[in-house]
Protein chains: 2
Amino acid sequence: MPTIKDVAIRAGVTVTTVSRVLNNRGYISQSTREKVHRVMKEMHYQPNEIARSLTRKRSMMLGMIIPTIAHPFFGELTNYIENYASSLGYKLLICNSRMDKQKEKEYIDMLKSNRVDGVIMGSHTLDVEEYVKLKQPIVTFDRRIADIPYVSSDNYKGGVLAAELLLNKGCKKIAHICGNLSLDLLGNKRSEGFIETLRHRSMEPAVIELGTDVFEHSDYERVILKLLQEHPDVDGLFASSDIIAMNVIKVCSSLGIKIPEQLKLIGYDDIQFAALMNPSITTIRQPLEEMAKLAVDLIDRLAAAETVPLEHILPVTIVERETT
Amino acid sequence: MPTIKDVAIRAGVTVTTVSRVLNNRGYISQSTREKVHRVMKEMHYQPNEIARSLTRKRSMMLGMIIPTIAHPFFGELTNYIENYASSLGYKLLICNSRMDKQKEKEYIDMLKSNRVDGVIMGSHTLDVEEYVKLKQPIVTFDRRIADIPYVSSDNYKGGVLAAELLLNKGCKKIAHICGNLSLDLLGNKRSEGFIETLRHRSMEPAVIELGTDVFEHSDYERVILKLLQEHPDVDGLFASSDIIAMNVIKVCSSLGIKIPEQLKLIGYDDIQFAALMNPSITTIRQPLEEMAKLAVDLIDRLAAAETVPLEHILPVTIVERETT
DNA sequence: GACCTTATGTCAAGCGCTTGACATGTCAAA
DNA sequence: TTTGACATGTCAAGCGCTTGACATAAGGTC
């Protein structure tokens, strides 16, 4: 591959001159500029970004750590993040932590070594100090850690909305299935909002907590089956993610429980499949695209040494479909 | 951040010595090695991978270009690729081309500039010459271009299996919905295998081709609706992807067509949602994990200047579920 | 004519790391 | 004592690019 030096020689100027036209700095005559450009074309010159990163001390690279990109929620989120990041000139390095503490740690070290300009954390098995020792700008999804800026949807409000809709639909016996509450995630507020709202109406929902293993769907089905068998009178259910809701539909179908006639179901996230499911899922919609943009903007501003507010809670909306 | 020089000074040796212990080369006494390691720990030293990439002329970075990571097929594929790549020490840069020729071109340039060690192409809007000018190792998914190695499932066989199953189930009027055949993709062989098998039995399926826009699901529904209305007697349908099959289920449900009683449906890919759908989808399974590993291995060998075979067609299996 | 401004370039150090070439010391065998 | 084989380090060039510091020349202004 030709280097800047090769271009300079061929164009009959010095590397500084070539660098100047490359970076639009200093004074360069039109004719020189054109000649340099022509030579670059001729030689198929592509500036070596690695070398540039080294001198500029800026890699224009972002790291993103998530449980797995195969999960539709993270897939959609990452998609938005990559789209927006690339429009700002950033590249995206993805890291599937698989919710493994060790891997998460290794990825953090790797990202540091690669001098990424910032990291977006969507996987949270680590303790506070691990984050803090990271010197790069960080933004977190759905978790508040020390003084690291975070982005989340209004989880509490989402829970409230779900409760109110089930109540309005006349549900008498309500249940809730949520992820593992032992992880310190803001997503847990969905459950809080939901439960507290019901309690205001003197109702106590049956609550079931799932394991931390995002990948084991068969486990989901087992737990849901148990819930539905132990509480056959349940007529309203709030699942803390659309994936869980999909599993509920599946189990109900096998049990012959009709949705929404016998059981009304609400999910959370509004991933694309919520609408594609049969029946399509009523859900609490997170504004994923805005959340993604916000996260990238925060990193961008942090990288420019700006100080940014810590808390970024975006509004949710309820999307009514066929399950209610 | 401390540099190798800082470590050297603090440890009372030269940078060469530190570099040697970092890379395990040459002779280093146990005591020196330990001292250096201790100092690195103390200073929280992290070797600058950018600088290392520059001298080694090896970035240990792979680029992956796909239409969108939000699509579950690519999400799952990318997940496997990242998992395996990271086990070999590679990092993964993702690029969502959105099936946009211009973007695809820009990403290719970007990856070249960043001197990635290889690129995995899963998005194919570009013409042959664009690929060939790329000097890095490339591997392609589902497309044969010049002498670039490619990985795909046995698409033709998949089509045959689907046809045979529908026939065995006694379907009399069969239809097929496929992606856009104008793109030069190996996936088109699914349709070939399917149609040719039916013709051997003197049947001619109704075939509908979808647009190239992977993102416009509402378009899918419209087309499917039209097919089902124009051919109300269709009792067997092969969709060339599970996503399409999901849309079919949705439309059938709205039309009151019972699956599998009135219509038997087969998808392709076996993405996770195929099993989660209601009814769960019978589908042709691609061995995604092996395909992912194979692609990474190919890149790895290409990067080591090995020559590798061009064609890598992996076997498919049919997974029977509730839609047949 | 002296001085300033603007235009157009060149020089060379430095970013953090690797590595071939070279020096020095130690020790056992001849 | 000499020699050779290790063992343990150091020197310095180079990877490709950026950039502050420094020429040089051409016009303008007073």
Side-chain angles (χ1 to χ4, degrees), chain A residues 1-37 39-40 43-61 89 109-117 135-136, chain B residues 1-37 39-40 43-61 89 109-117 135-136:
Chain A
M1 291 216 130
T3 70
I4 196 174
K5 201 168 166 187
D6 300 324
V7 173
I9 291 172
R10 176 107 157 234
V13 296
T14 64
V15 293
T16 309
T17 304
V18 178
S19 175
R20 287 230 196 295
V21 354
L22 219 44
N23 298 288
N24 268 315
R25 322 180 92 257
Y27 302 105
I28 294 286
S29 70
Q30 196 50 33
S31 67
T32 303
R33 185 186 308 278
E34 276 162 16
K35 184 170 55 188
V36 170
H37 272 133
V39 172
M40 294 197 300
M43 307 182 80
H44 298 292
Y45 171 70
Q46 303 255 148
N48 183 327
E49 285 300 325
I50 296 182
R52 299 180 105 177
S53 296
L54 187 60
T55 41
R56 289 184 178 155
K57 292 168 165 314
R58 191 94 201 264
S59 65
M60 292 312 280
M61 197 130 67
D109 281 345
M110 183 276 271
L111 292 176
K112 278 185 75 168
S113 287
N114 282 277
R115 304 296 192 266
V116 296
D117 290 347
K135 282 291 168 289
Q136 270 83 0
Chain B
M1 290 216 132
T3 70
I4 196 174
K5 200 168 166 187
D6 300 324
V7 173
I9 291 172
R10 177 106 156 237
V13 296
T14 64
V15 293
T16 308
T17 304
V18 178
S19 174
R20 289 232 194 292
V21 356
L22 220 44
N23 298 287
N24 270 314
R25 321 179 93 257
Y27 301 106
I28 294 286
S29 69
Q30 196 50 33
S31 67
T32 302
R33 185 186 308 278
E34 277 162 16
K35 185 171 54 186
V36 170
H37 273 132
V39 172
M40 293 198 300
M43 306 181 81
H44 297 291
Y45 171 68
Q46 303 255 148
N48 184 328
E49 286 299 326
I50 296 182
R52 299 180 105 179
S53 297
L54 186 60
T55 42
R56 289 184 178 155
K57 292 167 167 313
R58 189 96 201 262
S59 64
M60 291 312 280
M61 199 132 64
D109 281 345
M110 184 276 272
L111 293 175
K112 278 185 76 168
S113 286
N114 282 277
R115 305 295 193 265
V116 296
D117 290 347
K135 282 291 168 290
Q136 271 83 358

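Naming convention: chains lettered A, B, ... in sequence-line order (proteins, then strands); numbering from 1 in each chain. Predicted model, so just to flag it, every value in this text is computed and none were measured.
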[N], OP1 or OP2 - any side-chain N/O from [X] closer than 4.0 Å?
X	N	answer
A:Lys57	D:dT18	no
B:Arg25	C:dT19	yes
A:Thr17	C:dT10	yes
B:Asn23	C:dT19	no
A:Thr14	C:dT10	yes

Taking all atoms of both residues into account, what is the closest heavy-atom pair of [X] and [Y], and its distance?
X	Y	answer
B:Asp6	B:Met43	CB-CE, 3.8 Å
A:Arg115	A:Ser59	O-OG, 2.8 Å
B:Lys35	B:Ala11	CE-O, 3.3 Å

>> Judged by each residue's nearest nucleotide on DNA chain D, which is more toward the 5′ side, A:Leu22 or B:Thr55?
In response: B:Thr55
> For DNA chain D, which residues in residues 45-53 of chain A have a heavy atom at a distance below 4.0 Å?
Replying inline: A:Tyr45, A:Pro47, A:Asn48, A:Ala51, A:Arg52
Whole angstrom value for the distance that separates [atom2] of [N] from [atom1] of [X]:
X	N	atom1	atom2	value
B:Tyr27	D:dT10	OH	P	17 Å
A:Leu54	C:dC17	CG	C1'	8 Å
B:Ile28	C:dT18	CD1	P	13 Å
A:Asp6	D:dC15	CG	C1'	13 Å
A:Asn114	C:dC17	CG	P	12 Å
B:Ile4	D:dG14	CD1	P	19 Å
A:Arg33	C:dA7	CZ	P	12 Å
A:Met1	D:dC17	CE	P	11 Å

> Looking at residues at least two apart in the chain, or sitting in another chain, which of them share a side chain to side chain donor-acceptor pair (under 3.5 Å) with B:Arg58?
Replying inline: B:Tyr90, B:Asp117
> Yes or no on side chain to side chain contact (heavy atoms under 4.5 Å, CB included) for A:Arg33 and A:Arg20, after CA distance, side-chain angles and deciding distance?
Replying inline: CA-CA 9 Å; A:Arg33 185 186 308 278; A:Arg20 287 230 196 295; over 6 Å; no
> So among A:Asn23, A:Thr16, A:Val15, which one has a side-chain contact (heavy atoms from CB on, under 4.5 Å) with A:Ser19?
Replying inline: A:Asn23
> Hey, does B:Thr3 reach any base, or is it just sugar-phosphate, or nothing, if we go heavy atoms under 4.0 Å?
Replying inline: sugar-phosphate
>> Go through it in stages, so that I can follow the logic: the residues are B:Leu22 and B:Arg52, the test is side chain to side chain contact (heavy atoms under 4.5 Å, CB included), and I'd like the CA-CA distance, side-chain angles, deciding distance and then a yes or no.
In response: CA-CA 11 Å; B:Leu22 220 44; B:Arg52 299 180 105 179; 3.8 Å; yes
> Of the nucleotides C:dT8, C:dG16, D:dC17, which one has an atom closest to the side chain of A:Ser29?
Replying inline: C:dT8
>> Using side chain to side chain contact (heavy atoms under 4.5 Å, CB included), reason through A:Gln136 and A:Leu111 one step at a time and then give a plain yes or no.
In response: CA-CA 9 Å; A:Gln136 270 83 0; A:Leu111 292 176; over 6 Å; no
>> Nearest heavy atom decides the nucleotide; on that basis, is A:Gln30 or B:Lys5 closer to the 5' end of DNA chain C?
In response: A:Gln30
Produce the list of close N/O pairs, under 3.5 Å, pairing protein atoms with atoms of nucleotides 21-23 of chain D; give distances to one decimal.
unit_1, atom_1, unit_2, atom_2, d
D:dA21, N6, A:Arg20, NH2, 3.4

> Could you walk me through whether A:Asn48 and B:Lys57 pass the side chain to side chain contact (heavy atoms under 4.5 Å, CB included) check?
Replying inline: CA-CA 11 Å; A:Asn48 183 327; B:Lys57 292 167 167 313; over 6 Å; no
> Between the side chain of B:Glu49 and the main-chain N/O of A:Met110, is any donor-acceptor distance below 3.5 Å?
Replying inline: no
